[in-house]
There are 2 protein chains.
Amino acid sequence: MPIPSNYSSPTRVSAKKRAFAQIQEWIIDGTLQPKEKLNDAELAQALGVSRTPIREALQLLNVQGLVEMFPGVGTQVTSVKKEDITKILPPLGALEALAAELATPLITQDTIDTLREINSAFARAIKKGDFYSALKQDEKFHNIIVENAQNQYLANSVSNLQAHVLRLYFHQSIILTDTSIDEHESMLKAFENRDPETAAKIARTNWLRAIDEFYAEQKDSRE
Amino acid sequence: MPIPSNYSSPTRVSAKKRAFAQIQEWIIDGTLQPKEKLNDAELAQALGVSRTPIREALQLLNVQGLVEMFPGVGTQVTSVKKEDITKILPPLGALEALAAELATPLITQDTIDTLREINSAFARAIKKGDFYSALKQDEKFHNIIVENAQNQYLANSVSNLQAHVLRLYFHQSIILTDTSIDEHESMLKAFENRDPETAAKIARTNWLRAIDEFYAEQKDSRE
DNA sequence: AAACATTTGTCCGTATGTATA
DNA sequence: ATATACATACGGACAAATGTT
């Protein structure tokens, strides 16, 4: 029986990592609801592993702020209020603004072209009303900018906040609008002009605007 | 035999937390050097616990970026170059600027007075040449501002970066100068004037200046 | 007040994987 | 290439702590 040569690479991940990814996904997409109790023995059985990797995964999720642990009492999914976007987006906006600023002198025209393509896909998804796909494109767009800032400390800080943004999307706090399409293009223009201040300013606005839009939507739905 | 009434509270911490705090301290103060190998069995014996809490503590330190783990191979203290301040301080400065901005409308005169006292202690420590004490006062000063921003996501992001700043201090990358004394006072004035833009700008400069001073010092020592 | 039930915290043995002789 | 040494990854059992009946 022939053995595929690329056998080891595809799924050689530890039980801990699989548990982490799976539980995180369940929390983000709402399968595990806020305040829901997390019993490590149950999760262990559900994922077919022992308690050890589950415990370790839960501790990492605790650091990320997705679960809270009460020693000797219990572990649960952290609660999340829709208004939390007002807490999460300002720091994320500040960091993404810095990322845009730092990336400006480093980014290549090739990368800018790639970003332009992603923004087109983002635009198509928005027009089609496929908001989940739009969200993924938006995430890809911003991640490429962060990568190009070439600062691991910055990248880590951003990724910790991003999980929360994703969760808020599933809790209907984040609304994607076509305003972002033009903002993205303006950022690309700023990159091409090597204008870090403008790039930073747009990046920040791009995130903070979502706060205003959320409250406008809230107001609409009350009327 | 009388039992102290406040017995349970003082040292009722888990082995994991003790291990985490101890190992983190050793890494920050240089007892455990960059690139040094971390054997969990050894650490377990040194701290008088089993390997489990050590493993868990190391995983948290890994997330914090103080240790790197190579599955199945080994765990070691992350390397740190003095130039890393140019990577760490920009995101920290951006977040502290945001903290100052958000704290401006929320901070009370009482708190401002407390900050002024801390800045006096900071000034005295600088004049005396007691830089470690100055560092602790500086940390206290900034932490109070972050607390008053009342944003847990922001506070978490900041504290993750702070451990690295402390380690850089012990590696002689961070230099404290008396310029900070006046900058702190200017921030307090901005708080009293309820001027968030100015407060944010000073907070950011206060951190970024350390980069310039580091390179000036490097240059001096070459001459 | 005390024993109980539940859940987390810790210990240690074993399996698995990697690097080296 | 095989074997060997070594470190991590995981599993399962026990101990400790908490809240409750």
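The chains referred to below are lettered A, B, ... by the order of the sequence lines, with proteins before strands, and numbering in each begins at 1.
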Between A:Tyr153 and B:Asn160, does the side-chain hydrogen bond (donor to acceptor under 3.5 Å, both in side chains) criterion hold? Intermediate values first, please.
CA-CA 9 Å; A:Tyr153 298 95; B:Asn160 276 337; over 6 Å; no
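Whole-Å rounding puts the B:Ile54 CD1 to D:dT8 C1' distance at 14 Å. The nearest whole Å value for the distance from the CD atom in A:Gln45 to the P atom in D:dG12 is 12 Å. Following rounding to the nearest Å, B:Leu58 (CG) and D:dC10 (C1') show an atom-to-atom distance of 16 Å. Taking atom NZ of A:Lys17 as the reference point, atom P of D:dC10 lies 11 Å away to the nearest angstrom.
For A:Arg209, the salt bridge (Lys or Arg N to Asp or Glu O under 4.0 Å) partners at least two apart in sequence or on another chain are A:Glu183, A:Glu213. Every residue meeting the side-chain hydrogen bond (donor to acceptor under 3.5 Å, both in side chains) condition with A:Asn119, not counting sequence neighbours, appears here in chain and number order: A:His184. The salt bridge (Lys or Arg N to Asp or Glu O under 4.0 Å) search around A:Arg167 returns none, not counting sequence neighbours. With sequence neighbours left out, the side-chain hydrogen bond (donor to acceptor under 3.5 Å, both in side chains) criterion links B:Glu56 to A:Arg55, A:Gln59.
Dashed line: the shortest gap from a side-chain N or O of A:Thr52 to OP1 or OP2 of D:dC10 is not under 4.0 Å.
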Counting only pairs under 3.5 Å, give me each side-chain donor-acceptor contact of residues 86-97 of chain B, with atom names and distances, residues two or more places apart or in other chains.
| unit_1 | atom_1 | unit_2 | atom_2 | d |
| --- | --- | --- | --- | --- |
| B:Thr86 | OG1 | B:Glu83 | O | 2.7 |
| B:Lys87 | NZ | A:Gln150 | O | 2.6 |

Please list, for nucleotides 3-9 of chain C, all pairs of protein and nucleotide N/O atoms separated by less than 3.5 Å.
| unit_1 | atom_1 | unit_2 | atom_2 | d |
| --- | --- | --- | --- | --- |
| C:dT8 | OP1 | A:Leu38 | O | 3.3 |
| C:dT8 | OP2 | A:Asp40 | OD1 | 3.3 |
| C:dT8 | O3' | A:Gly72 | N | 3.3 |
| C:dG9 | OP2 | A:Arg55 | NH1 | 2.9 |
| C:dG9 | N7 | A:Arg51 | NH2 | 3.2 |
| C:dG9 | O6 | A:Arg51 | NH1 | 2.9 |

